[in-house]
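Source: prediction; values computed, not measured.
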Amino acid sequence: MGKIILYTGYKERNIGEERGANMYKKLVDELQREPAVNYGINEAESLAARVLGISKHEVGATPIIKIANNIGFATLKQKNMPEDISGNIFVGGTTKDVYNEEKVIVVDEEEEYAHQRFIIAHELGHYLMDYLGSEDSKNPGILFSRAYPKSNHDSAEEIRADRFAAELLMPTKLFCRQYLRAMEASDYNLRYTISYLAKYFKTKKSSIERRIDEVIY
């Protein structure tokens with residue numbers, strides 16, 4: 001295992017630790033009783049909107065690390081991860097022994113910051129939709145893990161987690177508003193607009209291009 005360091009997200013806005021943790025605990029308890037395992041794309045996006053709503057976030061980049069922390073996750077960076085993996089989530093099982101935390105999301109330290117943010121959001125989607133309410137969640141001795149592959153996001157589970165992450169980091173209404181503003185300001189220069197949105201939401205340009213296809217076209 002490579003060197004592990006705490007991922008603090010020091011540039012992200014504090015959304016109120018105690019309030020956020022309490023509100024997210026209610027959501028977690030709800031999903032434990034009524035699992036989201038059969039959610040489709042639209043329901044996954046609605047769930048992301050609920051998560052974002054708890055944070056009271058309205059403008060700018062989503063404070064994803066603070067959200068993860070308030071849901072109870074330690075966010076970590078790790079060197080020398082497997083070549084085909086950019087991140088992972090670990091809950092239960094040996095997680096406490098290995099990381100000294102009950103729940104962790106690990107990202108590859110060598111990935112760019114914008115992509116690390118997407119990985120964290122994606123892994124949160126796995127936790128909320130694939131873990132809570134499952135048989136594994138009822139037995140803390142069982143390890144839950146979902147690696148973030150560098151490629152092959154073609155399974156229904158991965159597609160759903162990607163759309164959850166996209167809505168969490170680039171919420172539809174705010175994305176459309178900023179897209180139109182940038183297009184008008186740049187005399188409808190799409191290249192400028194993509195660059196502007198990537199900086200605004202702190203995501204990769206490829207994520208912006210995909211989001212444009214999802215919510216604009």
Side-chain angles (χ1 to χ4, degrees), residues 1-7 9 31 35-45 47-48 51 61-62 64-65 67-69 71-95 98-99 101-137 142-170 194 198 201-215:
M1 181 181 296
K3 179 183 178 183
I4 299 173
I5 59 176
L6 182 65
Y7 192 176
L31 293 173
V37 65
N38 292 319
Y39 276 17
I41 295 298
N42 291 338
E43 292 165 307
E45 291 186 335
L47 179 59
V51 171
T62 298
I64 187 60
I65 297 167
I67 290 174
N69 294 163
I71 294 177
F73 279 89
T75 48
L76 309 173
K77 294 180 184 179
Q78 181 174 328
K79 290 184 177 180
N80 303 320
M81 293 188 72
E83 291 185 1
D84 58 339
I85 299 298
S86 295
N88 214 325
I89 182 174
F90 299 103
V91 181
T94 58
T95 305
V98 176
Y99 296 101
E101 299 283 352
E102 297 288 349
K103 300 186 294 188
V104 301
I105 293 174
V106 182
V107 297
D108 187 343
E109 186 180 35
E110 296 182 2
E111 292 284 357
E112 63 180 287
Y113 174 66
H115 192 44
Q116 290 173 351
R117 285 170 44 80
F118 192 90
I119 293 167
I120 292 170
H122 175 102
E123 297 296 353
L124 278 180
H126 281 309
Y127 173 71
L128 296 174
M129 295 183 287
D130 301 316
Y131 176 74
L132 292 178
S134 69
E135 289 302 314
D136 287 356
S137 70
I142 297 177
L143 176 65
F144 174 80
S145 174
R146 290 291 188 278
Y148 185 99
K150 290 184 182 292
S151 58
N152 298 326
H153 283 230
D154 298 329
S155 71
E157 191 177 271
E158 291 300 311
I159 291 172
R160 185 176 65 176
D162 275 346
R163 289 296 286 270
F164 172 90
E167 180 65 27
L168 186 56
L169 296 179
M170 299 166 282
I194 290 172
F201 291 104
K202 291 185 171 62
T203 58
K204 294 174 64 176
K205 290 182 180 180
S206 58
S207 295
I208 295 298
E209 292 169 351
R210 185 167 58 248
R211 195 65 174 153
I212 289 173
D213 287 338
E214 291 170 355
V215 303

Could you check if a side-chain atom of [X] sits within less than 4.5 angstrom of a side-chain atom of [Y], using non-hydrogen atoms only?
X: E158; Y: H126; result: yes
X: E43; Y: M129; result: no
X: F201; Y: L169; result: no
X: K202; Y: I64; result: no
X: I208; Y: T203; result: yes
X: L47; Y: L128; result: yes
X: L132; Y: Y127; result: yes
X: K77; Y: Q116; result: yes

Between [X] and [Y], what is the shortest heavy-atom contact and its length?
X: A36; Y: R160; result: O-NH1, 3.4 Å
X: S145; Y: N88; result: OG-OD1, 2.9 Å
X: A68; Y: I120; result: CB-CG2, 4.0 Å

Among all residues two or more places apart in sequence or in another chain, which pass the side-chain contact (heavy atoms from CB on, under 4.5 Å) test with [X]?
X: S151; value: none
X: A165; value: F118, A121, H122
X: S137; value: Q32, Y131, S134
X: I142; value: D136, N139

* To do: Could you tell me if the ring centre of F164 sits under 6.0 Å from that of Y39?
  => no
* For this output row, return yes or no: ring centroids of H153 and Y148 closer than 6.0 angstrom. => yes
* Not counting sequence neighbours, which residues clear side chain to side chain donor-acceptor pair (under 3.5 Å) with E123? List them please. => none
* Asked: Can you list the steps and then say if I194 with I212 is a side chain to side chain contact (heavy atoms under 4.5 Å, CB included)?
  -> CA-CA 9 Å; I194 290 172; I212 289 173; 4.0 Å; yes
* List in chain and number order the residues that pass salt bridge (charged side-chain N to carboxylate O under 4.0 Å, His left out) with E157, two or more places apart in sequence or in another chain; answer none if no residue qualifies. => R146
* Asked: Does atom CD of E112 have more than 12 heavy-atom neighbours, drawn from other residues, nucleotides or ligands, at distances under 6.0 Å?
  -> yes
* To do: Return yes when atom NZ of K150 has more than 12 non-hydrogen atoms of other residues, nucleotides or ligands closer than 6.0 Å, and no otherwise.
  =>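 More than 12 heavy atoms, drawn from other residues, nucleotides or ligands, come within 6.0 Å of this atom.
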* To do: Would you check, one step at a time, whether the test salt bridge (charged side-chain N to carboxylate O under 4.0 Å, His left out) holds for E167 with R211?
  => CA-CA 9 Å; E167 180 65 27; R211 195 65 174 153; 2.4 Å; yes
* Spacing of E101 atom CD and K103 atom NZ [to the nearest 0.5 Å] ->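 It is 10.5 Å, given to the nearest 0.5 Å.
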